[in-house]
Structures are given as C-alpha cells and as structure tokens.
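Reviewing the structure listed below.
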Amino acid sequence: MVTYTVFNIASCPGEDVLGGLTLLGAVGRLMQLSGCNWWCSRDNCGVMHMEIFPEAAAVGDALSSKNPDDDAARGEIFRRIANGRVVLPSTYVIVPDTQFQRGPYLRRAEAAA
C-alpha cells in the first residue's frame, strides 16, 4: 500500500512534515491545513464532480470522474490531487513517502541538520 507525506514547502526542511498517511488521510489533512472544504456530487449524466472552496486550480477534468462507483470515483479524484493535478491555495503539498524519502526534500532536511 502506498503511503503519503504532507508537508509545507515554505517551512524549514524537516519541519511541518506528516508522513505515513493513507491517500484519504493525506488528502483530508491537506484540505484541513489549506483551509479548504470539499464535497462531491453527481450531475444528471452520472459524472461525479468534486467542488473545493476556496477554489483550487485543476488540470483538465482532474476534479471529475465517470466511474459509477462512488468510492472508486472519489479515489480517482484523490489520486489526482496527490499526483499534483490539483493545486490548493496553500504551500502544503502531497508526495508519496518513497518520493519524499529519496527526493530533494530529505536531502535538504539532512543538510540543515
């Protein structure tokens, strides 16, 4: 199972980091830390849409899914948020734990120590 890290790119390296989160936990924490609210609803064509307030920047149809299963549709949208296709109005981001541990984030944290 993939786990995720939520961190503040504007803070000092190694500070303000929450790791080992599930996809749902990471997206929920990201929304909370960003001061955002969200809800999902289906339109008349059966497409699920996620609404985020304050407004988020999304690439293409990143905040919608044609999957008929509600949980699976939300999961698709959450994965797009975690993969950077949706940008919330904050300095918090999500990355997979493996990327965080091998990426420049950890190296910066080690250099500051």
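Residues L21 and V6 have side chains in contact (heavy-atom distance under 4.5 Å, counting atoms from C-beta outward). Side chains of T5 and L18 form no contact here, defined as non-hydrogen atoms less than 4.5 Å apart. Considering only heavy atoms from C-beta on, V93 stays 4.5 Å or farther from V87 through its side chain. In this structure, the side chains of R80 and V59 stay at 4.5 Å or more apart for every pair of heavy atoms. Between I81 and M50, the closest side-chain pair of non-hydrogen atoms falls below 4.5 Å.
Looking at every heavy atom in both residues, R42 comes nearest to A73 through NH2-CB, 3.8 Å. Of all heavy-atom pairs between G20 and D97, the closest is N-OD2, 3.1 Å.
Linking ILVMFWY residues whenever their side-chain heavy atoms come closer than 4.5 Å, directly or via other members, places V2 and V86 in the same cluster. Cluster membership check: Y4 shares its hydrophobic cluster with I52, using side-chain heavy-atom separations under 4.5 Å among Ile, Leu, Val, Met, Phe, Trp and Tyr.
Taken to the nearest 0.5 Å, the OG atom of S90 stands 12.0 Å off from the CD atom of Q32. Note that the CG atom of L30 and the CZ atom of F7 stand 11.0 Å from one another [nearest 0.5 Å]. Here the straight-line distance linking atom SG of C40 with atom CE of M48 works out to 5.0 Å at 0.5 Å rounding. Rounding to the nearest 0.5 angstrom, the gap separating the CH2 atom in W39 from the CZ atom in F53 is 4.5 Å. For the atom pair CG of D71 and CD of E76, the computed distance is 12.0 Å after rounding to the nearest 0.5 Å. Between the CD atom of E55 and the CG atom of L88 there is a distance of 11.5 Å, given to the nearest 0.5 Å.
The main-chain N or O of L23 is never found under 3.5 Å from a side-chain atom of R79 such that the two would form a donor-acceptor pair. Although no hydrogens or angles enter the test, the distance criterion places no donor-acceptor pair under 3.5 Å between the side chain of S34 and the main chain of C36. Between the side chain of N67 and the backbone N or O of A72 there is no donor-acceptor pair closer than 3.5 Å.
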Checklist entry - Would M31 and N37 count as a side chain to side chain contact (heavy atoms under 4.5 Å, CB included) if you check the C-alpha gap in whole Å, the side-chain angles of each, and the deciding distance to 0.1 Å? => result CA-CA 7 Å; M31 294 284 188; N37 292 310; over 6 Å; no

Next on the checklist: salt bridge (Lys or Arg N to Asp or Glu O under 4.0 Å) for R85 and D61? Distances and angles first, verdict last.
Outcome noted: CA-CA 9 Å; R85 293 193 57 207; D61 62 351; 3.8 Å; yes

